[in-house]
2 protein chains.
Amino acid sequence: MREKADSDLVRRQNRLLLLEALRQHGSLARVEMGRHTGLSPASITSISSQLIADGILQEAGEAASPAEMPHRRGRPLTQLAINPKSAHVVAVKVSIDGIELALADGSGAILSRRRSRTSTYEADPRAFGKLVADEVAALLAKPRVAARRVARIGIAVQGVADSKAGTVVWSPAFRTRNIAVSAAVQDSLGIPCNIANDANMIAEGLIGIDRARYGGTAAVVFMGYGVGMGLIINGQVYHGPTGAAAEFGHMNHLPDGPLCRCGRRGCVEAYAADYSLLRWASGEAATRPPSFNAIPEEDMLALEAAARRGEASAVAAYAKAGEALGFGLARLIAILTPSRIVLAGPGTRAMELIEPHLKRAIEAGVVDELRRNVEIETVPIDTDMIIKGTIDRALRHVDREIFAYGPLERRGRELEHIA
Amino acid sequence: MREKADSDLVRRQNRLLLLEALRQHGSLARVEMGRHTGLSPASITSISSQLIADGILQEAGEAASPAEMPHRRGRPLTQLAINPKSAHVVAVKVSIDGIELALADGSGAILSRRRSRTSTYEADPRAFGKLVADEVAALLAKPRVAARRVARIGIAVQGVADSKAGTVVWSPAFRTRNIAVSAAVQDSLGIPCNIANDANMIAEGLIGIDRARYGGTAAVVFMGYGVGMGLIINGQVYHGPTGAAAEFGHMNHLPDGPLCRCGRRGCVEAYAADYSLLRWASGEAATRPPSFNAIPEEDMLALEAAARRGEASAVAAYAKAGEALGFGLARLIAILTPSRIVLAGPGTRAMELIEPHLKRAIEAGVVDELRRNVEIETVPIDTDMIIKGTIDRALRHVDREIFAYGPLERRGRELEHIA
DNA sequence: ATCATTTTTTTGGACGCCGAAATAAAACAA
DNA sequence: TTGTTTTATTTCGGCGTCCAAAAAAATGAT
C-alpha cells in the first residue's frame with residue numbers, strides 16, 4: 001500500500017493479473033481468465049485485445065483442452081497464450097566448474113543452451129563481467145536473436161550475491177570478493193541484468209512449478225558443493241535489504257566448530273557440504289582449510305556407498321551433517337515457522353543416512369508447538385532447476401516491469417528497484 | 001498483486017494513503033496531503049470531504065504549525081486530523097503478574113487505563129476469555145464508551161500466540177497450553193479481537209514512532225522476564241503462517257544446554273532471561289527446572305550491582321547471556337540480514353556487561369560481509385511500548401479494513417484475514 | 001481598497017470497470 | 001436444411017475515479 005492509485009494503476013494491475021494467470025496455466029480462453037482474475041468478460045476483452053495489439057499475447061492453437069472437454073455445445077473457446085516472440089530472456093549459472101547459459105522465449109521455453117568450462121576461480125575478477133557478456137553474445141548468435149529483443153539477463157551464482165549492487169559479495173567460485181558483474185554486463189550489451197544467489201533461484205523454480213504448494217512461507221535448502229537456502233516469505237522469494245540473504249549454509253552451528261570455506265568456524269556448511277562430509281570421513285582435522293576445488297561426483301558416491309556398507313567413519317560423517325542441519329533448521333523454525341522445508345540437491349541422495357539425525361536434532365531444538373506445523377520434504381532436484389528458476393524470475397520481472405505497461409519496445413519504467 | 005483492480009480499489013487505496021499520512025504526521029492541510037501522497041488537489045478535496053462526511057476526519061485546531069511558519073501570505077492552511085470519535089480501540093497486555101488494559105480513541109490517544117493483579121497461571125484457562133471480556137467491559141464503563149464504538153481489541157501476550165486461531169499456544173503466564181481467547185472475547189462483547197506476541201507489539205510501536213528508521217527489515221529483541229523478538233520484514237511485522245513466529249528466545253543456542261521454561265534445553269532464553277541470569281549467578285544446576293514466578297526487579301538490580309562490583313559469578317552470568325544472545329543474533333543475521341537490530345527491555349540495563357561478549361559472538365558467528373550492513377542499537381523501552389504498539393496495530397487494522405471502506409457504522413468487510 | 005499569493009473547490013474530460021444487450025460460433029433437433 | 005439452444009466474445013452506455021485547468025476563497029502587502 002505505498003503507491004498512489006489511479007486508472008493507470010488499475011489497468012497495469014489487471015494486465016499483470018492476466019499475465020500471471022497465463023504464466024500459471026499456459027493458455028487460457030477469455031472466460032477462464034475471467035474466472036481466474038475475477039474480472040468481467042467485458043474487461044477481459046478490452047485488456048486482452050490490448051495485450052494482443054502489443055504483441056504480448058496471441059491466439060493459441062487448440063493445444064489446450066484436447067480430450068477432457070469434448071466441446072459440449074456453444075461457441076468454442078478461443079485459447080490465448082503468451083506470444084513466444086514477445087521477448088527473450090537469458091539465464092546464466094555460474095558455478096565452481098564453469099558457466100552455463102540458456103536462452104528462453106517469452107513463454108519460458110528454452111531455445112538454446114551453452115556451456116563453458118572456464119575456471120572463474122583464478123581469472124581476473126575485473127574481466128568477469130566482460131566474460132559473461134561475451135558468453136551471452138555467443139549464445140544469441142546461434143538462433144540469431146537481437147540483443148534488443150532480450151528483455152533481461154538473470155545470473156545465478158553460488159555464494160553471497162548482492163542484487164542491489166549487482167555484485168558477487170563472496171563466492172567459492174572466485175578467489176576475491178565483491179566482484180562487480182551486473183553493471184558490466186548491462187553496459188556491454190545494453191540489456192538489464194540482475195544477479196542472485198543460486199538457491200534462491202531454486203526457490204523461484206519451485207514457485208513456478210506449484211504455487212499452491214510452495215507459495216506460502218517455505219525454506220528450500222540445497223545440499224551439494226555447499227549448503228544454500230532460498231527463503232519464500234508470503235509467496236515471494238526473500239532477498240534481504242542488501243539483496244544478500246538466507247545464507248543458511250553460513251549460519252553458525254557450534255562455536256569453534258569445523259573450519260568453513262568462508263573462513264569462520266562452525267558454519268552448517270562446514271558440517272554438511274560435500275567437502276565437509278569427505279573431511280569428516282577422512283579423519284582430517286576439522287581445522288584444516290578446506291579445498292576450493294569442485295568435488296567429483298564419484299567421490300561422493302563412494303562415500304555414500306561406504307556409509308551404506310556401515311563403515312564407521314562414513315556413517316559418522318553423515319550423522320554429524322544431519323545433526324548440524326537439524327539444529328540449523330530448528331533455529332530457522334524458531335525464527336520463521338515456515339510451513340514447509342524442502343531439502344534438495346545432490347546431497348539428498350544420502351538422505352536416509354542423514355534423516356534420523358536431522359529429525360532428532362529438530363526434536364531437541366524446537367518446541368513441539370512450533371515444529372508441528374512444518375512439513376519437511378525431500379525433492380530430488382536436478383541442477384537444471386537453477387536455470388529454470390532464473391528464467392522464471394526474469395519473466396516475472398518482465399511481466400511486472402515491462403508488459404504491465406506495454407510492449408517490450410516501449411520498455412516500462414524499468415525501475416531496476418528491488419531487482 | 002493479488003486483488004482485481006477497479007475504481008473501488010482506487011478509492012480505497014487512496015483513502016488509506018491519506019489516513020496513513022495523517023497517522024504519521026498527526027494533522028495535515030490538504031496541500032500537504034497532496035505532497036505526501038502524490039494525489040492532485042482535486043482528488044484530495046474529494047477524498048477528504050468524503051472522509052469528513054464519514055466522521056473519520058475533522059478540521060483540526062491551529063495546533064499544527066505554530067511558530068515555524070508565520071503565515072507568509074495567501075489563504076491559510078486548513079489542518080485536518082483524524083476524528084478522535086471515529087472509533088475506539090482497546091489494548092490488553094497479559095503478563096505473568098496480571099492484566100493491563102488501555103482504551104484509546106481514534107487518534108491513538110489513551111483515554112483510560114486499568115490494571116488487574118489476577119494471577120492467570122493457576123486460573124481455569126477456559127474462563128480466561130471471559131475474564132478478559134469482563135475487564136474490557138469494566139474499562140469501557142469509566143469514560144462510558146459503547147461497545148459498538150470499539151472497533152477492535154488487541155491482546156498482547158508473552159510467549160507463543162497463534163493469531164490465526166486466536167489462541168495462546170504456550171505462555172509462561174499460563175500453566176496449560178492452547179488457550180482460546182479471541183473467540184471468547186469476540187463472542188462475549190461483539191468486538192473483533194486479535195491476539196499477538198508482546199515482542200511483536202513492541203516492533204509495531206517502533207514502526208509507529210519512526211517508520212523511516214524501523215520500517216525496513218529489522219529485529220527487535222526484548223530482554224526481560226523472557227527473551228522475545230519482533231521481526232519487521234519490508235516494513236511489516238512478520239507473523240508466520242500460523243501467526244506464531246519469531247520465537248527468538250526459544251531458538252536453540254547449544255544442544256544439551258541449560259533447561260528452559262519451555263521444557264527444551266539450550267534455548268537462548270535459558271541463558272539470557274532474568275531467571276537464567278539468576279540461575280547462573282546462584283550456581284544452581286542448569287538442569288534444574290526454572291521457576292515460573294515473576295522475578296522482582298530488586299533481585300535483578302542486585303545482580304547487576306554485584307556484577308558491576310566484579311563478583312565473579314554475576315559477571316560470568318552476563319558473559320554467558322551475551323554469548324548466547326550474540327550467537328543467536330549471528331544466526332539470525334545469516335538467515336535474514338536485517339538492516340537493524342534493536343535491543344530493548346529491562347535486560348538492557350546491564351547492557352555494558354553483556355555487550356562485549358555479544359559483539360565477540362557475532363564476530364565469531366557470521367561472515368564480515370553480512371555483518372557489515374547491520375546496525376545494532378539499544379533502546380531503553382519502558383514496558384508501555386507494548387500497549388502503545390498494540391493500539392497502533394489495532395488502529396492500522398481499522399484504517400485498512402474499516403476506514404478505507406467507510407465509517408465504523410458500516411464496518412468494511414472485516415476480513416479477519418492475516419489478523 | 002486593491003493587488004498578490006496561496007489554498008481549496010468546481011468543472012469538464014479521460015480512462016477503466018461493469019452490467020446488459022448484441023453478436024458470433026458452434027452443437028443439437030426436427 | 002433450418003431453426004433452436006448454448007456458450008463465448010464484443011459492443012454500448014453508465015458510473016466512479018482521477019486529473020488539469022479554471023474559479024473561488026481567504027489572507028497579507030501595498
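In what follows, every heavy atom counts, from backbone to side chain, and hydrogens, waters and symmetry copies are set aside. Lettering of chains follows the sequences in order, A, B, ..., and the numbering in each one begins at 1.
For the pair A/R35 CZ and D/dT9 C1', the interatomic distance rounds to 14 Å; values are reported in whole Å. In this structure, B/I52 places its CD1 atom 13 Å from C1' of C/dT9, rounding to the nearest Å. When rounded to the nearest whole Å, the span between CD1 of A/I44 and P of C/dC17 equals 9 Å. D/dT17 atom P lies 16 Å from atom CG of B/L17, rounded to whole Å. Rounded to an integer number of Å, the gap from B/M33 CE to C/dT9 P is 10 Å. If you take CZ of A/R15 and P of C/dC17, they are 11 Å apart, rounded to a whole angstrom. Remark: C1' of D/dC18 and CZ of A/R12 are 14 Å apart, rounded to the nearest angstrom. Distance, B/E59 CD to C/dT8 P: 9 Å, rounded to whole Å.
Phosphate contact (OP1/OP2 of C/dC17, side-chain N/O of A/N14, threshold under 4.0 Å): present. At D/dC18, one or more side-chain N or O atoms of B/R11 fall inside 4.0 Å of OP1 or OP2 (strictly under the cut-off). Contact between the side-chain N/O atoms of B/S7 and the OP1/OP2 oxygens of D/dG16 is not found at any separation under 4.0 Å. Dashed line: the shortest gap from a side-chain N or O of A/K4 to OP1 or OP2 of D/dC19 is under 4.0 Å. Residue B/T78 places at least one side-chain N or O under 4.0 Å from the OP1 or OP2 atom of C/dT8.
Residue B/L19 comes nearest to B/L57 through the heavy atom pair CD2-CD1, 4.0 Å, listed as atom of the first residue, atom of the second, then distance.
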Q: Decide yes or no on side-chain contact (heavy atoms from CB on, under 4.5 Å) for A/D6 and B/N14, but give the supporting numbers first.
A: CA-CA 9 Å; A/D6 54 17; B/N14 288 337; 6.0 Å; no
Q: Decide yes or no on side-chain contact (heavy atoms from CB on, under 4.5 Å) for A/Q186 and A/I153, but give the supporting numbers first.
A: CA-CA 9 Å; A/Q186 214 157 314; A/I153 299 170; over 6 Å; no
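Across all strands shown, A/I47 has heavy atoms under 4.0 Å from sugar-phosphate atoms exclusively, and none from any base.
Listed candidates were D/dA8, D/dT10, C/dG19. Nearest to the side chain of A/S40 is C/dG19. Taking only side-chain atoms of B/R75, from C-beta outward, the nucleotide of C/dT6, D/dT9, C/dC18 with the closest atom is C/dT6. Nearest to the side chain of A/V31, among C/dT8, D/dA8, D/dC19, sits D/dA8.
On a pure distance criterion of 3.5 Å, no polar donor-acceptor pair joins the side chain of B/R73 and the base of C/dT6.
Counting non-hydrogen atoms of other residues, nucleotides and ligands closer than 6.0 Å to CD of B/Q236 gives a total of 12 or fewer.
Residues B/R15 and B/D54 are paired through a salt bridge, judged by an N-O separation under 4.0 Å between the basic side chain and the carboxylate.
Two residues, A/A5 and A/S49, neighbour DNA chain D, and the one matched to the more 5' nucleotide by heavy-atom proximity is A/S49. Taking the nucleotide of DNA chain D with the nearest heavy atom to each of B/L39 and A/A29, the more 5' of the two is matched to A/A29.
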